[in-house]
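Remember, it's a predicted structure, so these values are computed and weren't measured experimentally.
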Amino acid sequence: MDGLLTPRESAEFIAENSRDVFIDGVGVRRVAELLLAKAAGPELRVGAWKAFHDLNPKAADEAAVNWVFVTDTLNFSFWSESDEHKCLVGYGGKTYSGYWSLCAAVNRALDEGIPVTSASYYATVTLDEVRHILRSDTDVPMPLIEERHRILNETGKILLEKFEGSFLNCVRKSDKSAQKLLHLVVESFPSYRDVTQFEGKRISFYKRAQILVADTWSVLEGKGDGCFKDISRITMFADYRLPQVLVYLGALKYSDELLEKLLKGEMLSYGNRQEVEIRGCSLWCVELIRNCLLELTEKKGEKTSGEINSILLDYFLWDYARDHREDMKGIPFHRTRCIYY
């Protein structure tokens with residue numbers, strides 16, 4: 001797209017022009033050192049996606065790829081107004097919240113015989129059916145149900161028209177290029193176009209499109225159709241949880257004015273300057289952490305379990321944020337309700 005900055009270019013530009021969000025070099029190094037201890041272990045490998053998450057598919061087949069496509073098509077806006085009132089989904093003897101409540105709901109539907117990962121089904125699924133599939137075990141429904149319904153219909157129809165109903169066909173058209181797949185997704189499916197303006201430039205984050213490429217790489221274990229030669233060009237996925245953990249770890253800092261706003265729980269609209277700064281600076285921050293980590297591993301002659309990319313860092317930090325939820329209670333996340341993250 002003409003004049004549109006890539007997520008990495010967008011992030012660098014935002015970080016250079018940010019007024020309320022700042023990257024702390026000392027904090028960046030500290031996070032890199034925390035990750036250095038994990039560099040040789042299983043957490044920073046492509047296999048971690050399956051090994052550490054019960055709900056993710058264990059197979060590496062077409063059905064698993066279609067599961068990834070549906071969950072990432074709906075992978076947005078799970079934050080709840082309060083810790084006491086949230087959407088929860090029970091599955092397999094456990095209770096899940098946030099993004100995992102969606103995965104649990106998809107798996108529950110499949111167990112009930114609802115073909116929720118089939119494009120021919122969700123292209124015409126009704127709003128009532130979507131409400132049933134994504135039903136919560138509490139009285140708090142999953143946010144933006146109407147939007148989720150609209151996007152399922154829209155995306156299902158396009159998948160049938162352009163890719164014979166299978167996301168694997170879309171993957172195969174990318175010639176094993178993560179960038180090509182990213183652009184194919186963004187061009188084909190409107191709900192993945194996470195694009196806005198900042199300081200007179202058109203910028204992109206492509207949070208869901210990038211996580212879709214990353215999860216496809218992970219579900220296929222980086223092999224066969226998922227052996228993307230340029231996977232390291234995918235950046236982290238700019239959402240609301242990663243900035244929070246980066247602030248907690250001291251790699252990201254907010255101005256007093258912004259911090260006060262977030263502590264009050266004020267909503268930031270999508271494309272608002274401060275919202276863009278939070279997302280852009282967190283993305284650039286992870287790029288800097290990765291660079292620092294690669295330097296540290298080289299210096300120490302550490303053996304890593306393969307190439308460390310921003311995807312693996314994002315997965316790790318996102319899980320870290322969930323594991324340290326109690327410790328992070330005093331650090332606010334930014335509240336933005338939209339379909340892009």
Exercise for review: Assess whether side chain to side chain contact (heavy atoms under 4.5 Å, CB included) is satisfied between Y206 and V185, documenting all intermediate values.
Suggested key: CA-CA 10 Å; Y206 295 152; V185 167; over 6 Å; no
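- With contacts defined as side-chain heavy-atom distances shorter than 4.5 Å, the pair N66/S118 does not qualify.
- A donor-acceptor contact closer than 3.5 angstrom links the side chains of D215 and Y315.
- Looking at S269 and E275, their side chains never bring a donor and an acceptor atom within 3.5 Å of each other.
- S10 and R279 share no side-chain donor-acceptor pair at under 3.5 Å.
- Between F333 and L262 the shortest side-chain heavy-atom distance does not fall below 4.5 Å.
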Exercise for review: Kindly determine whether R8 and E12 satisfy salt bridge (charged side-chain N to carboxylate O under 4.0 Å, His left out), including the steps that lead there.
Suggested key: CA-CA 6 Å; R8 187 179 269 111; E12 186 173 15; over 6 Å; no
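- Classified by interplanar angle (parallel below 30°, tilted 30° to 60°, perpendicular above 60°), the ring pair H324/Y248 is tilted.
- Remark: R241 fails to qualify as a cation-pi partner of W79 under the 6.0 Å distance and 45° angle criteria applied to the six-membered ring.
- Taking CZ from F316 and CG from D323, the interatomic distance works out to 8.5 Å, rounded to the nearest 0.5 Å.
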Practice item. Kindly indicate, with the supporting measurements, whether the criterion ring-ring contact (aromatic ring centres under 6.0 Å, His included) is fulfilled by H53 and Y96. Key: CA-CA 12 Å; H53 300 108; Y96 297 94; over 10 Å; no
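- For D175, the side chain to side chain contact (heavy atoms under 4.5 Å, CB included) partners at least two apart in sequence or on another chain are K180.
- Note on ring orientation: taking the six-membered ring where Trp is involved, the planes of Y270 and Y341 are tilted (angle from 30° to 60°).
- No side-chain donor from either of N56 and W67 sits under 3.5 Å from a side-chain acceptor of the other.
- Centroid-to-centroid, the aromatic rings of F69 and Y122 stay 6.0 Å apart or farther.
- Rounded to the nearest 0.5 angstrom, F76 CZ and T336 OG1 are separated by 14.5 Å.
- Remark: R135 engages E112 in a salt bridge, criterion side-chain N to carboxylate O under 4.0 Å.
- Closest approach of F22 to S255, counting heavy atoms only: CE1-N, 4.1 Å.
- Side-chain contact between C103 and Y91 is absent, with no heavy atoms from C-beta onward closer than 4.5 Å.
- In this view, R131 and L127, D128, I145, E146 satisfy the side chain to side chain contact (heavy atoms under 4.5 Å, CB included) rule, not counting sequence neighbours.
- No close placement of the F205 and Y340 rings is indicated, their centers lying 6.0 Å or farther apart.
- Within the 4.5 Å cutoff, the side chain of K173 has no heavy atoms near those of the S188 side chain.
- Between D24 and K253, at least one side-chain N (NZ, or NE/NH1/NH2) sits under 4.0 Å from a carboxylate O, which counts as a salt bridge.
- When each of Q274, E277, E266 is checked for a side-chain contact (heavy atoms from CB on, under 4.5 Å) with L258, only Q274 meets the rule.
- Heavy atoms of other residues, nucleotides or ligands lying less than 6.0 angstrom from NZ of K86 number more than 12.
- The only member of R45, R290, R233 that meets salt bridge (charged side-chain N to carboxylate O under 4.0 Å, His left out) when paired with E307 is R290.
- Checked for salt-bridge contact, R172 and E62 miss the test: no charged N lies under 4.0 Å from a carboxylate O.
- One side chain, T235 or Q210, offers a donor N or O that lies under 3.5 Å from an acceptor on the other.
- Between R150 and E154 there is a salt bridge, since at least one side-chain N of the basic residue sits less than 4.0 Å from a carboxylate O of the acidic one.
- Between R108 and V89, the shortest heavy-atom contact is NH1-CG1, 3.5 Å.
- Looking only at atom types and distance, the side chain of N309 has no donor-acceptor partner in the side chain of S232 under 3.5 Å away.
- If you take CD1 on I211 and CD1 on I234, they are separated by 11.0 Å, rounding to the nearest 0.5 Å.
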